[in-house]
Amino acid sequence: MAGTPQTASDDRDERSDPATEVFLAHRSLLFTVAYEMLGSAADAEDVIQETWLRWAAVDLDAVRDQRAYLVRITTRQALGRMRTLGRRRESYVGSWLPEPLLTAPDVAEDVELADSVSMAMLLVLETLAPTERAVFVLREVFDLGYDEIAEAVDKSPAAVRQIAHRARAHVAARRPRAVVSPAETRDALAAFQRAVETGDLQRLLDVLAPDVVLLGDGGGIKQAVPRPIVGADKVARVLTAGLGRVAAVVSLRPAQVNGHPALIIRLDGEIDTVVTVRIDDGLITGLYGVRNPEKLSHMERETILRR
């Protein structure tokens, strides 16, 4: 069969095939696993394609737990892809940010899932080694047992427990200090939007933490800040100057991105930038602007994420 089955609405012959039915039933889960490990929807889709090719060749009668088996294939393919991505990102132009996803409201309703796919968390996960990231995601997000994870990452259960402990400590030291409610995020973004639209520098400073960090990802295709900008004064001036020049043709609209409120900036009707934030203690501590057009293809339609 060519290509990866996309949805349960594919033709009847595909739906009648047991391997396809099982794969389609778990596809959103597998995509979510791959995306959380890679931070890239495009690479996650490639991993799902590879998972399908291997799954299609499996003898289903020999598989005791189909979900676990599929997750194991996906994890192994994602680990292989992570090592390739590490080399690719060394030559990436400017700051690298995860690929944003337009998500449905039900993602935000699952607080743990939304937290795990937030831009802030995905950036924290980028600081883990590949195996640590896989173990953390499978254990903390998808609640897999240590034995299942051990099979997926080719380690002993005892080693997986140690890796999980180390990864949890690493993430805990770097993740946002508290779970932020959607309302808090919306309020901060609304204040940010008003400040940018009016060019009110003081209003913008009021919502930025003193040590706020601005990251922009243009991928060498679109202009973006070449390196992180730190400090409320510097960030506010860069934002007001940059958006002030194109204010007449720019529109800012709220959206659900990676399970959290965000802003979509359109220029002449086309998506130009997706802005997400990290909030600590009611102030914006991280501002992330994705401009690389190769990373904006999943912003035109909702992506289904599942645990």
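Numbering of residues begins at 1 and proceeds along the displayed sequence.
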[Y] side chain reached by [X] side chain, heavy atoms, under 4.5 Å:
| X | Y | answer |
| --- | --- | --- |
| Asp46 | Arg81 | yes |
| Pro228 | Ser95 | yes |
| Tyr288 | Val257 | no |

Please say whether more than 12 non-hydrogen atoms of neighbouring residues, nucleotides or ligands are located less than 6.0 Å from [atom1] in [X].
| X | atom1 | result |
| --- | --- | --- |
| Glu184 | CD | yes |
| Lys155 | NZ | no |
| Arg307 | CZ | yes |

What distance do [X] atom [atom1] and [Y] atom [atom2] have between them, rounded to the nearest 0.5 Å?
| X | Y | atom1 | atom2 | result |
| --- | --- | --- | --- | --- |
| Glu126 | Arg89 | CD | CZ | 4.5 Å |
| Ser40 | Lys295 | OG | NZ | 7.5 Å |
| Glu300 | Leu102 | CD | CG | 8.5 Å |
| Trp52 | Ile73 | CH2 | CD1 | 10.5 Å |
| Glu302 | Asp106 | CD | CG | 8.0 Å |
| Glu270 | Ile265 | CD | CD1 | 14.5 Å |

* Asked: Only one of Val238, Leu215, Ile229, Leu208 clears side chain to side chain contact (heavy atoms under 4.5 Å, CB included) with Leu287; which?
  -> Leu208
* Knowing that exactly one of Val137, Ile163, Val171 qualifies, which makes a side chain to side chain contact (heavy atoms under 4.5 Å, CB included) with Glu132? ->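 Exactly one candidate clears the test, Ile163.
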For the residue pair [X] and [Y], confirm or rule out a side-chain donor-acceptor distance under 3.5 Å.
| X | Y | answer |
| --- | --- | --- |
| Tyr35 | Asp43 | no |
| His260 | Thr276 | no |
| Glu36 | Ser116 | yes |
| Asn258 | Ser118 | no |
| Thr51 | Thr74 | yes |
| Thr273 | Arg291 | yes |

* Asked: Checking Arg72 against Tyr69: charged group under 6.0 Å from the ring centre and within 45 degrees of the axis?
  -> yes
* Between Arg266 and Arg253, is a side chain to side chain contact (heavy atoms under 4.5 Å, CB included) present by the stated rule, with each step listed? -> CA-CA 8 Å; Arg266 291 182 181 270; Arg253 294 289 183 269; 5.8 Å; no
* Asked: Passes side chain to side chain contact (heavy atoms under 4.5 Å, CB included), Arg237 versus Leu201? Steps please.
  -> CA-CA 7 Å; Arg237 293 184 189 282; Leu201 186 61; 3.6 Å; yes
* What's the shortest heavy-atom distance between Ala232 and Ala209, and which atoms? ->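 Shortest heavy-atom separation between Ala232 and Ala209 comes out as CB-O, 3.6 Å.
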